[in-house]
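Read through the structure below, which is laid out as structure tokens, and then see the notes.
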Amino acid sequence: MTRENLVNILLAVALLAAPLAANALGQAFYVTLATRIAILALAALGLNLALGLGGLVSFGHAAFFGIGGYAAGILAAHGFSGEPILFGLPGTVQMPVIWLVAVFTAAVVALLIGAISLRTSGVYFIMITLAFAQMVYYFAVSWPAYGGEDGLSVLVRNQFPGLNTMVPLNFFLICYVILLVAIALFALIRASRFGAALQAARQNEIRVATIGIGPFRIRLTAFVLSATITALAGALYADLNRFVSPSMLSWHMSGELIVLVILGGVGRLFGPVAGAALYVAFEFALGSLTEYWQFVLGLILLGTVLFVRGGLLGLFAGKARHG
Amino acid sequence: MQMHKMLAAATMALSLGTSGLAHADPLKIGMITTLSGGGAGLGVDTRDGFMLAIKNSGNKDITVVTEDDAQKPELAVQIADKMIQSDQVDVLTGIVWSNLLMAVVPGAVAQGKLYVSTNAAPAALAGANCNKLYFNAAYQNDNLHEAMGEYATKGYKKMFILAPNYPAGKDSLTGFKRYYKGEVAAEVYTKVGQTDYAAEIAQMRASGADGIFVFLPGGMGIAFMKQFAQSGVKIPVMGPGFSFSQDVLPAIGDAALGAKASGQWAPDFDNAASKKFVSDFQAEYKRLPSIYALQAYDAAQLVVSAAAKTSVKNTDAFRAELLRADITSPRGNFKFNTNQHPIQDIYLTEVVRKDGVLTNKTVEKIFTDHGDAYAKDCKL
Amino acid sequence: MTFALALEQLLNGLQLGVMLFLMAAGLTLIFGVMGLINLAHGSLYMVGAFACAAVAAWTGSFWLGLAASLACAAAAGAVVELVVIRRLYDRDHLDQVLATFALILIFSEGTRWLFGSFPLYLDIPPLLQGAVQLPGGGEYPIYRLAIIAIGALVAVGLYVLIGRTRLGMRIRAGESDREMIGALGVDIRTLYTVVFALGSALAGLSGALVGATQSVQVGMGEPILILCFVVIVIGGIGSIKGALLGALLVGICDTMGRFLLPQLIALLLPPAQAGMVGGAVSSMLIYVVMALVLAVKPRGLFPPAHV
């Protein structure tokens, strides 16, 4: 077993054990905090697929995170009120249906955004993804139907067959299982022919093109897949907070997702988990210490980029193998 | 929406996750407010006004835990969860912004916690979706805009009205138009966070309006007022009180002189409670209090008054005490409406320079015992 | 709609564009020479505004404040370059985005620590107060005309600096081949510090100029930073000429969109709704323009040859 695998297993076990222990001690809040970590890790894992494997630095993944969130919010609002959404289609409060809608919507939007954005590269790609996310953001802020800037409240968490999702531990377990499935999927993709081509396209575009693989289609597929995972996380996030608002779509959110990926280690299987855990822990611990906590957070982030190359996993598990 | 059924379901479901019962009588207040970033000034005033009333009460059984929401709704929700589930607070308060309030309040009241708002008062929580655990000590969002509509009806025939393109902005112009009977020259919605208003000011000049009503909170208002003064357009400007409150006046400078606004309070109020509030606040924090500080001060007074009579563990009795509003508010008349929002007088104020400091001077009373348009839909 | 109003709005668009150019010029210069994305450029804009407001309040002179804004922003830029930025030149854009994102947090909260949470006061100098008559009967503030003039001066100044001076020669050389000019004995590290300080000073200057018409507060640089990225991406990253034309395009599109779109939509919808929908569409307009430009020309309108 390699050191990285060991660290990964430790992370997975810790993320499960901590909320179980908190729950046994009656500290429901820490279960909620662990749920937040799991969901942010899932969102960052989505980004890691595009960014870590494909080298596609998307500065607009908040758009997909928010689309997932709004899919959950809007469907639930209609599910409660019984009013149809469009053309007589009903809303729903069933999580699996909501997840499907979130994933499908994000896929369609990502296909559009990706098709235009992937014509560019480098800094232009960073900026055009940002621009598309800003469009979605301003649309959500100004569109009055679903709360605009005030956002949309989901009073009761959506339902999952056979589980009471309002019990914090149950909801955590749902998110945890989805996270593990997504991590497994990520590992499969990374090891597949598609994953190899994607990584090769990152490392040497011309060589890939000369052996007859079109980098554009590979990248577009990766971008869409990446968006759907982040959107799924967005739908869960809406259920965690029982609330969605345009701030899920803001460029700060895009920035935070990138921060999570880099903190943990770009392209690493469990990087997003490590990054999300560290970030949420910092935000939580510093926030109650000083009102200037963002200053300290900034210093820590800066220190990580400058001196801890490869993120947390790079620190604890050594350099990534080139695969 | 079948709000009551939903809330009942939420309460039942949530109570499974949270069960923490203390036995003593101490009261723990959780204050979530904005203490970092561009909007921090409002949060600082909210915190300071609130803490002043707690300190003045001398009640040692009241503790306040304060945390910064950084003006992010998701962070506010997380802090609320922590305060409810981990710190076991009894009452929540302090949120400045409507969008953060909408994120926190439904969940908090569903978990059986009281929320006393120090500022934000969205229409969504004042009408059919009002809640017996949610109180607002400030106003209902529309109130100050309605007062300006009433005032403008008397002296202005054609008004140019402008607000940011978000729900509080729409509430604002709706509230204004509810009482304004003249002609509306144009109704313009600007981008949230917009900092350059040259295009809108040019339209104002060309519109032939004889008055301008703007609702632009925080930095947006500062930018607008400075640019308006620089443009040389001479049409009178008016707005709700917080556009010219003490937190922004020093930054606008003389450009604000003469602007008319509406408010439930101004620092020059001639009553003992107001004088004491202003002098205590100045002694403690070395600056004039803003309207946000006043609102938080009253919110704290309300909680203190109820805590003096009964234990917060008896939610119904505590709530009944809050509803009696047995306080001496610096704003004068104050009582709660059926939807637990204030019924109060609203005044016209004017920005003047007094002793070298820009401040608001009370001009006249616009409304007496004014409630809000949504109370009739609230079935409490 | 009258001719005077249309002319005034065009001037407003031009002025917004010039203001964006002042910010974007520094950003694009830094990218062109060092290949660095600097998200903290907006923070240097904030530093300039705060320095100007503080010095103006202390001395009573806007002009001393303006000088202070240039000096402080340049100094802050130089320090940041020496301590942080120079470690990032050979990193990928991802690390640069994260490090400068962290710098935003540090600058914002640091400024709040120093100056408190409330916005500062800064007014335009007496010399530039008032308005002038426009042909057709409109009026236009002198201060805004002055900003247009300063923008034009800076554009000419940069053109001369880069095209006609020894420093400019080195900058151009640095843009096209870093290794080579290092090998030829130019002190590349000092050159980079100087360029970064120059870009920062431009940001500080625009912060001070704009601060006098807006709110000098923490976080003021962020909305404008995003606009500047739109500008330099449309113009072609690294190109000063592109930044100028991109800035004017964005400024005029944004202003005319805010002015005309609600009126167009009012032909179809009742006024209150038209205001809202018009506001929504016009706030997305420049991003739509940017997407269209990049869809047709993926490297902007004036891509520098070598990037």
Side-chain angles (χ1 to χ4, degrees), chain A residues 51-52 55 57 59 112-113 115-144 148 250-252 254-256 258-259 261-263 266 290-307 309 311, chain C residues 31 35 37 39 83-84 87-88 91-110 112-113 117 222 225-226 229-230 232-234 236-238 273 276-300 303 307:
Chain A
L51 193 156
V57 185
F59 203 175
L112 278 172
I113 294 183
I116 299 176
S117 305
L118 285 167
R119 293 167 47 87
T120 69
S121 61
V123 187
Y124 291 94
F125 182 79
I126 299 180
M127 292 305 153
I128 194 169
T129 46
L130 171 68
F132 277 113
Q134 288 292 100
M135 270 187 236
V136 180
Y137 170 78
Y138 281 113
F139 180 78
V141 166
S142 7
W143 205 252
S250 72
W251 74 276
H252 280 269
S254 297
E256 274 180 34
I258 296 183
V259 167
V261 172
I262 302 184
L263 262 186
V266 178
T290 161
E291 66 180 81
Y292 298 102
W293 61 276
Q294 297 199 356
F295 186 84
V296 185
L297 184 66
L299 285 179
I300 292 171
L301 288 181
L302 193 58
T304 312
V305 190
L306 292 184
F307 305 113
R309 300 196 62 172
Chain C
F31 185 87
I37 310 190
L39 291 186
V83 178
V84 178
R87 302 170 198 274
L88 296 171
R91 302 283 191 92
D92 56 16
H93 293 317
L94 197 56
D95 283 359
Q96 299 174 352
V97 165
L98 184 62
T100 52
F101 187 76
L103 282 175
I104 295 183
L105 294 179
I106 294 172
F107 266 107
S108 291
E109 292 308 296
R112 207 164 64 79
W113 214 341
S117 301
E222 289 172 21
L225 174 79
I226 303 268
F229 276 123
V230 173
I232 64 172
V233 166
I234 287 179
I237 307 177
Q273 266 183 322
M276 268 187 265
V277 177
V281 179
S282 62
S283 64
M284 302 186 337
L285 182 67
I286 57 163
Y287 300 105
V288 176
V289 170
M290 169 175 166
L292 284 177
V293 168
L294 287 197
V296 180
K297 300 195 75 167
R299 289 169 61 211
V307 178

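As a basis for the values below, the full set of heavy atoms in this structure was taken, side chains included, without hydrogen atoms, waters or symmetry mates. Naming: A, B, ... by sequence-line order, numbering from 1 per chain.
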What part of C:Val230 gets within 4.5 angstrom of chain A, counting heavy atoms only: side chain, backbone, both, or neither? neither

Side chain, backbone, both or neither: which part of A:Trp293 has a heavy atom under 4.5 Å from chain C? neither

Does any backbone or side-chain atom of A:Tyr137 lie under 4.5 Å from a heavy atom of chain C? Answer side chain, backbone, both or neither. neither

As a quick check of understanding, evaluate side-chain contact (heavy atoms from CB on, under 4.5 Å) for C:Ile37 and A:Met127, giving each step before the final call. CA-CA 10 Å; C:Ile37 310 190; A:Met127 292 305 153; 4.2 Å; yes

Side chain to side chain, C:Leu105 and A:Val296, heavy atoms closer than 4.5 Å: no

If the plane angle is over 60° it's perpendicular, under 30° parallel, otherwise tilted; pick one for C:Tyr287 and A:Tyr138. parallel

Using non-hydrogen atoms and a 4.5 Å limit, figure out which bit of C:Val281 sits close to chain A: side chain, backbone, both or neither. neither

Assert top hit (heavy-atom pairs under 4.5 Å, partner chain A, pool C:His93, C:Arg112, C:Gln96, C:Lys297) equals C:Arg112

Most chain C-contacting option - heavy-atom pairs closer than 4.5 Å, from A:Leu263, A:Leu302, A:Leu301: A:Leu302

If you define the side chain from C-beta out and look only at heavy atoms, does anything of C:Arg87 sit under 4.5 Å from A:Val305? no

Does a side-chain heavy-atom distance below 4.5 Å link C:Leu294 with A:Arg119? no

Looking only at heavy atoms and a cut-off of under 4.5 Å, which of A:Val57, A:Val259, A:Ile126 has the most pairs with chain C? A:Val259

From C:Leu88 atom CG to A:Leu306 atom CG, the distance as rounded to the nearest 0.5 Å: 5.5 Å

Chain A heavy atoms under 4.5 Å from C:Val293: which part of the residue, side chain, backbone, both or neither? neither

Is there a donor-acceptor contact under 3.5 Å from the side chain of C:Arg299 to the main chain of A:Tyr124? no

Honestly, the part of A:Ile116 sitting under 4.5 Å from a heavy atom of chain C is side chain

In terms of heavy-atom proximity below 4.5 Å to chain C, should A:Leu51 be classed as side chain, backbone, both, or neither? side chain

Looking at side-chain heavy atoms only, is the closest gap between A:Phe59 and C:Leu39 below 4.5 Å? yes

Going by the angle between their ring planes, with limits at 30° and 60°, are C:Phe101 and A:Trp251 parallel, tilted or perpendicular? perpendicular

Heavy atoms of A:Gly298 and C:Ala102 approach each other most closely as O-CB, 3.3 Å

With a 4.5 angstrom heavy-atom cut-off, is it the side chain or the backbone of C:Leu94 that approaches chain A, or both, or neither? both

Heavy-atom pairs under 4.5 Å with chain C, option from A:Ile258, A:Ile113, A:Val123 with the top count: A:Val123

Can you tell me which of C:Leu285, C:Ile286, C:Ile226 forms the most heavy-atom pairs within a distance under 4.5 Å of chain A? C:Ile226

